[in-house]
Amino acid sequence: MTDLWTVTETAFDPKRQHHKETVFTIGNGYLSTRGAFEEGYPRDRRATFIHGVFDAVPIVVTELANAPDWLPLAVFLDDERFSLDTGVVESFERRLDLRNGVLARTVRWRSPGGRGATLVFERFVSLADEHLAYVRCTVTPDFAGVVEFRAALHGAMDNEGVAHWQRVGQGAHPAPSGPLPIAALHCQTRTSGIGWAGAMHLVAGGGRRLASEWWDADNAPTLTLKMKAVPGKPVGAEKRVAQWTTRDLPEAELVATAVTRVAEAPAWKDAFKANAAAWAIEWARTDVVIEGDDEAQIAMRFNLFQMLIAAPRHDDRVNIGAKTLSGFGYRGHAFWDTEIFMLPLFTYTAPEIARNLLNYRYNNLPAAREKARGNGVEGAQFPWESADTGEEVTPTWVPHFADRNKLVRIWTGDIEIHISADIAYAAHQYWRATGDDAWYIAKGVELILDTAKFWASRAEWNAADERYEYRDVIGPDEYHEHVDNNAYTNRFAQWNLETALETLAWLRARAPERAAQLTVQLDLTADRLAHWRDVIDRMHLHVSETGLIEQFDGYFARQDVDLAALEPRTRSAQEIFGIEGCNETQVLKQPDVLMLQYLLQDHYTEDQIRTNYGYYNPRTDHTYGSSLGPSIQAIVACMMGYPDDAYEHFIRAVRADLRDVRGNAGDGIHGASAAGTWQAVAFGFGGLRITPEGWTVTPRLPKGWTRLAFSFMHRGMPQQVDLRPEGA
Ligand code: IFM
C-alpha cells in the first residue's frame with residue numbers, strides 16, 4: 001500500500017540535486033535547512049535560513065543570509081571518505097516523513113578500496129524546541145576495521161558567492177558526559193551585525209568506541225569519533241546542535257545559552273517524541289484528506305508541510321518569503337504572496353500564525369508611511385518586496401533571464417502598488433474569520449485606514465473623463481508593465497476605501513476612544529472622508545454590458561495570440577516573445593481579472609465570472625507563467641462548474657515543486673502556490689463559503705475522489721468538513 005505521508009526518492013541523480021535539496025527541506029518555523037547531504041559536495045546549494053537574519057548585499061539589496069552550517073557529518077570507512085561521487089552507489093533511497101519532518105537516507109556504498117557498508121542518515125529540526133537540531137548516522141559495515149564520524153559547525157557559508165559572516169570566536173566547553181567536549185562557534189553578519197552561536201555535542205550511538213578527538217579547526221570546530229567496525233554490526237553517531245541569534249538574545253548570552261541547551265538536550269529518542277507530538281498537533285488542524293487520488297494526497301500534504309515549516313510561530317517581526325525558507329530565490333523577500341495566497345491557510349487553520357504575519361505588516365507601518373512620503377503621497381504604501389525593516393527592497397536591475405550579461409530594469413518596486421490593498425484585504429479577512437476584535441481594534445483598523453489614505457492620495461483626477469485613475473502601474477499580471485487603470489488595482493483601491501469607511505463607522509460605535517485617537521493621528525477630517533467617498537464614486541472601473549472586464553486601458557487592442565497553437569512548448573510566453581514583445585500581446589502571466597473576481601466574489605454574478613473566465617483562461621500562460629495562478633484558477637473553475645479544468649489547474653499547482661514544473665524549484669519552494677492549494681481544496685473543491693451568518697460547503701469533487709476532508713477554524717471554534725461525491 002502507498003504510504004501517503006512520505007515523499008520518496010529512489011535513485012540518486014546528481015543533475016537533479018538542486019531541485020531535490022528544495023524538496024527535502026526540513027524546518028520548524030524558526031529555521032529551514034535544505035536537503036543537501038551531510039557529507040557535502042562542491043556544487044551543492046547547502047543552506048540553512050533563519051527567519052529575520054538578513055544582511056545587506058553590496059550594491060544590490062538585503063537578503064536572508066545563509067546561516068552557519070549545523071549539518072556537516074562526514075563518514076570514513078578505514079580512512080576512505082564516504083562520497084556519492086566516488087566508489088559505487090549500490091542502492092540509494094531518501095524519504096521525507098511529512099508526519100514528523102524526519103528526513104532519512106539509506107545508501108548502500110562500496111568504497112574505491114572495496115569496503116562496503118549500509119549508511120543510514122537521519123535528521124530533524126525540532127518543532128517542539130525550535131533551537132534544537134539533530135542528525136545521526138548508523139553504519140553497518142561489511143568489513144572489519146574502523147568507521148570514523150566527523151561532525152562540524154561551518155562558519156564560512158555564503159549566498160552563492162556573497163559572504164555574509166565573519167567569525168567572532170570558537171572553542172570547547174565541558175560536556176555533561178562522554179569523552180568529547182561541546183564545541184561552539186560564534187559568528188556575526190558583516191553588515192547587519194546579527195550574532196549567531198551554535199553548539200554541538202557528538203555521542204556514540206552503538207558499537208565500540210576506539211578514539212575521539214576535538215579539533216579546533218579554523219571556523220569549523222570539529223568533533224570526531226572512531227568506532228570499531230565489525231561486519232554486520234551497526235555503529236553510529238548522533239550529533240545534537242543548539243543555535244541562537246541576537247534576534248532572540250543579547251550577544252553576550254549567545255554562546256553560553258547554546259552550550260547549556262545542547263548539554264541538556266535530550267537524546268534523539270526523547271527529542272523525536274517531543275517533535276512528533278508537536279507535529280501531531282499541527283497536522284490535527286491542518287491536514288487535508290483526499291481519498292481516491294494518491295498523488296494528489298501526498299502532494300497536498302507535501303505543500304502543507306512546506307508551509308508549516310516556514311510559518312513563524314513565536315515571532316511577529318518576520319514574514320514568509322516568496323520562496324519560504326527553502327532557497328536563495330528572491331533573497332528571502334516577502335511579497336503579496338503572503339497576504340493573498342498564504343494567509344487564508346493560516347487564518348483558517350492556525351490564526352495565531354496569521355496574526356504574527358499581519359503584525360509584521362503592522363510593525364512596518366512606519367516604513368510604509370515613509371515610502372508613501374518619498375513618493376509624494378500620503379498614508380501607508382507597502383513595499384512590493386519586503387525584508388527586515390519593511391523598506392522597499394525590490395532590486396532595481398537584475399540579469400536578463402536569457403542573457404546574464406544584460407540587465408533588465410525591474411519596475412515592480414516602483415509601480416506594482418496593489419500590495420497595499422492586498423494587505424488591507426488580508427487584515428479584514430482575518431478579522432471576519434476569527435472575530436478577533438481586540439486585534440482588529442488595536443492594529444487591523446489602522447492598516448485599513450492608512451492604506452485607504454494612500455489610495456485616495458495616489459488617485460489621479462482625469463478632468464476630461466471625470467474619473468479617478470491609477471496610471472502607470474503593474475497589476476498582478478506582470479507580463480504587462482506601465483499600464484493605466486489595471487482593473488484589479490482600481491477595484492481593490494476602491495474596495496480598500498469602502499472598507500475603510502465602514503471600518504471607521506464600526507470603530508466609532510465599538511471603540512470610540514480608539515476611533516478618536518486614530519482620527520487625530522491619521523488626520524481623518526470630514527473633508528478627507530468626503531474625498532474618499534468621491535474617489536469611490538468616481539473610480540474608473542472597466543465595466544461592459546457583457547460583463548467582460550478589460551484588464552487595463554487598451555488591453556483588448558493588444559495582439560491576440562493563440563497560445564494553444566504554440567504547444568508543445570517548454571518556455572514561457574515571455575521567453576518566446578521577449579519582455580517588450582509579450583507586453584504587446586494579450587498573453588497573461590496570471591489572470592488578474594479572475595483573481596479580482598475570486599477575492600471579491602460577492603460583488604460579481606456567476607455569469608459575469610463565467611464571461612471573464614471564458615475570455616482570460618485561454619490567454620493565460622498557465623504552465624510557464626506565474627506559479628501563483630493555477631490554484632486560484634482551480635477555484636474559479638470550480639465555481640463555474642468546470643471540474644476537469646479545475647483539476648488540471650489544481651494538479652499543476654500541487655506538482656509545482658515536486659515535479660519542478662517550471663524548472664526553477666532549485667531556487668526554493670513556490671510558497672504562494674503551495675499555500676494556494678489549501679484554498680483550492682477548501683474553497684474550490686469543497687466550495688466552502690464564509691458569510692456573516694456562518695459557513696456552507698458545496699462539494700465539487702474531481703473525478704475519482706471518493707472523499708475530501710479538512711478542518712478549519714471559524715470564529716475561534718474548530719470545524720470539520722467531510723465530503724463524499726454526490727450519491728456516494
Ligand atoms: O509575487 C509574485 C508575482 O505575482 C509574480 N512574480 C513572482 C512574485 C513572487 O512570487
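Atoms within a ligand are numbered from 1 in the order they appear, just like the ligands themselves. Hydrogens, waters and symmetry mates play no part in the numbers below; they use all other heavy atoms, side chains included. Given the structure is predicted, the values throughout are model-derived calculations rather than measurements.
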Near-ring test F382/F454, centroid separation under 6.0 angstrom: no

With sequence neighbours excluded, residues passing side chain to side chain donor-acceptor pair (under 3.5 Å) with Y360: S386

Partner set under side chain to side chain contact (heavy atoms under 4.5 Å, CB included) for I298, not counting sequence neighbours: T2, L4, V7

With H164, the side chain to side chain contact (heavy atoms under 4.5 Å, CB included) member among N159, D158, V53: N159

By salt bridge (Lys or Arg N to Asp or Glu O under 4.0 Å) - contacts of E392 (at least two apart): K371

Intermediate values then yes/no, ring-ring contact (aromatic ring centres under 6.0 Å, His included), F650 and F685: CA-CA 10 Å; F650 168 76; F685 299 129; 5.3 Å; yes

Within the protein, residues bringing a heavy atom under 4.0 Å of ligand 1, chain by chain: A322, Y330, F335, W336, D337, W384, E478, K589, Q590, L628

